Amino acid sequence: MNYKKYLITGGAGFIGFHLSKRLLEEGYTVVGYDNLNDYYDVEIKKNRVKELEQYENYRFYYGDLKDYEPLEEIVKEHNIKFFINLAAQAGVRYSITHPRAYIDSNVIGMFNVLEVCRNCGVEQLLYASSSSVYGNSNEMKFREDQMVDHPVSLYAATKKSNELFAHVYSNNFKFNSVGLRFFTVYGPNGRPDMAYYTFTEKILNEETIEVYNYGKQYRDFTFIDDLITSVMELIKVQGQKEVAGEYKIYNIGNGKPVMLMDFIQALEETIGKKAKLEFTDRVVGDVDKTYADVSELEKIIHTSPKTDIRTGLKAFYSWYEAMKTGSTEHE
């Protein structure tokens, strides 16, 4: 890898934390940047930052992407050449009730990231997109080259806009950009608003789980360790490329969709307790399935996520139990 220092926005988030930790463990310098918003418990984010600050080669800054000047100052101060933008307002359903948060973070924020890349000599930009851009695609597998012009949520629309903005900026201003379409990432130290996390707590507390679309949805679940390995390999690939305005998009998913009812059964088996279920209609903004075609990813890095849902859920639940009992640090 030709670059020794990385700026990671969204550095206190689920993926940002795990990627930062992997880079730090391999001896690279990481500059973290996050606004620590309250979409979910801020203490979780602060604890992640606290763990990362144990590394000498880590520096954290509090800031919001919608504010251009502070971001530019940090990029200049640290002479950042490889920018990893993982900051975003997450959540499909939240975008129905809080649309402005998505415009501020995902649209204005991404615009500021691209302006910083343009004005400060950034050479490589890697940024998070989402499987949500595919909408209710009729394709069996979702491929990067298929049309994605019919998003079903504002969240998805903002992520598609990120890809379009990156295409224009990387082409016009000659820095390389790579968009990563993540597919339902889960695992230890994850987001407590995600289904696997909320379902776990509801099962343990004997509360009823609302099963949308009568359990007929399919999701391509991607275990966090697999995803980070894939991203690390892509970072290494990008680090060896000349700076020439290259624009790429890659799916990062497991390539094995799991039906919602099968997912719930796997979680019940992992916890050792049955769930109380209430079946309901599909909610606005949800899609019926996600299914990653990862052939393009495998061509580049010669690997892709492989962890099956039962193995991944066992790893999550092991962390969850330890976290609740306080018997170990967050991993």
Side-chain angles (χ1 to χ4, degrees), residues 2-3 5-13 15-16 19-20 23 30-35 37 61-90 95 99-133 144 148-149 151 154-182 231 234-235 237-239 241-252:
N2 295 334
Y3 296 87
K5 182 184 291 186
Y6 300 86
L7 171 61
I8 300 182
T9 57
I15 297 173
L19 180 59
S20 296
L23 283 164
V30 175
V31 178
Y33 193 82
D34 202 296
N35 69 356
N37 71 27
Y61 292 88
Y62 172 83
D64 198 307
L65 286 188
K66 71 176 184 289
D67 302 320
Y68 177 82
E69 287 77 11
L71 183 64
E72 182 184 54
E73 288 176 9
I74 290 167
V75 170
K76 287 181 175 178
E77 177 185 348
H78 291 276
N79 192 28
I80 298 297
K81 299 300 180 184
F82 203 123
F83 195 129
I84 302 173
N85 181 32
L86 302 178
Q89 178 57 59
S95 70
R100 188 172 298 278
Y102 293 78
I103 301 303
D104 287 345
S105 182
N106 302 6
V107 179
I108 296 173
M110 182 62 169
F111 169 70
N112 284 335
V113 167
L114 292 166
E115 278 287 281
V116 165
C117 292
R118 168 190 181 180
N119 296 327
C120 300
V122 172
E123 298 173 352
Q124 312 285 349
L125 170 65
L126 185 149
Y127 62 95
S129 186
S130 169
S131 62
S132 297
V133 302
E144 295 91 340
V148 287
D149 292 341
L154 181 64
Y155 171 72
T158 63
K159 286 300 186 177
K160 177 56 183 174
S161 76
N162 290 175
E163 297 177 0
L164 294 172
F165 293 166
H167 181 273
V168 171
Y169 268 75
S170 59
N171 180 66
N172 288 351
F173 305 113
K174 303 307 177 187
F175 56 86
N176 297 338
S177 71
V178 177
L180 306 177
R181 292 175 177 170
F182 296 141
V231 174
L234 283 171
I235 289 172
V237 168
Q238 287 303 116
K241 288 187 176 181
E242 294 183 2
V243 182
E246 182 183 62
Y247 168 85
K248 294 287 186 181
I249 297 286
Y250 295 106
N251 289 334
I252 301 186

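Please read all numbers here as calculations on a predicted model, not as lab measurements.
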Run the side chain to side chain contact (heavy atoms under 4.5 Å, CB included) test on Val116 and Ile80 for me, step by step, so that the C-alpha distance in whole Å, both residues' side-chain angles and the decisive distance to 0.1 Å come before the verdict. CA-CA 10 Å; Val116 165; Ile80 298 297; over 6 Å; no

Compute the ring centroids of Tyr61 and His78, then answer whether they are less than 6.0 Å apart. yes

What's the spacing between Ile108 CD1 and Thr158 OG1 if we round to 0.5 Å? 11.5 Å

Start with the C-alpha distance between Asn85 and Tyr33, add both sets of side-chain angles, then the distance that settles side chain to side chain contact (heavy atoms under 4.5 Å, CB included), and finish with yes or no. CA-CA 9 Å; Asn85 181 32; Tyr33 193 82; over 6 Å; no

Measure the OH-CD1 distance between Tyr6 and Ile235 for me, rounded to the nearest 0.5 Å. 6.0 Å

Just jot down the salt bridge (charged side-chain N to carboxylate O under 4.0 Å, His left out) partners of Lys241, sequence neighbours excluded, or say none. Glu246

Please round to the nearest 0.5 Å and tell me the distance separating atom CZ of Arg100 and atom OG of Ser105. 14.0 Å

First locate atom OG of Ser95, then atom CD1 of Ile103, and finally report the distance between them rounded to the nearest 0.5 Å. 9.5 Å

Do you know the tightest heavy-atom contact between Asn106 and Ala88? OD1-CA, 3.3 Å

Side-chain donor/acceptor pairs under 3.5 Å, residues 120-128, sequence neighbours excluded:
{"from": "Glu123", "atom 1": "OE1", "to": "Tyr3", "atom 2": "OH", "distance (Å)": "2.6"}
{"from": "Gln124", "atom 1": "OE1", "to": "Asn176", "atom 2": "ND2", "distance (Å)": "3.3"}
{"from": "Gln124", "atom 1": "OE1", "to": "Gln238", "atom 2": "NE2", "distance (Å)": "3.2"}
{"from": "Gln124", "atom 1": "NE2", "to": "Tyr3", "atom 2": "OH", "distance (Å)": "3.4"}
{"from": "Gln124", "atom 1": "NE2", "to": "Gln238", "atom 2": "O", "distance (Å)": "3.2"}

Kindly indicate whether the side chain of Leu86, heavy atoms from C-beta on, has any atom under 4.5 Å from the side chain of Phe182. yes

I would like to know whether Tyr247 and Asn171 meet side chain to side chain contact (heavy atoms under 4.5 Å, CB included); could you show each step before the answer? CA-CA 7 Å; Tyr247 168 85; Asn171 180 66; over 6 Å; no

Return the set of residues passing side chain to side chain donor-acceptor pair (under 3.5 Å) with Asn251 (not counting sequence neighbours), or none when no residue passes. Tyr134

Can you name the residues that form a side chain to side chain donor-acceptor pair (under 3.5 Å) with Tyr169, not counting sequence neighbours? Glu115

The reported gap from CG in Asn162 to OG in Ser130 (rounded to nearest 0.5 angstrom) is 10.0 Å

Could you check Val113, Asn35, Asn112 and say which one makes a side-chain contact (heavy atoms from CB on, under 4.5 Å) with Leu65? Val113

Ile8 side, atom CD1; Leu23 side, atom CG - distance, nearest 0.5 Å: 5.0 Å

Among all residues two or more places apart in sequence or in another chain, which pass the side chain to side chain donor-acceptor pair (under 3.5 Å) test with Ser129? Glu163

By side chain to side chain donor-acceptor pair (under 3.5 Å) - contacts of Tyr68 (at least two apart): Glu72, Asn119

Pro99 and Leu154 have their tightest heavy-atom pair at CB-CD2, 3.4 Å

Intermediate values then yes/no, side chain to side chain contact (heavy atoms under 4.5 Å, CB included), Arg181 and Ile249: CA-CA 7 Å; Arg181 292 175 177 170; Ile249 297 286; 3.4 Å; yes

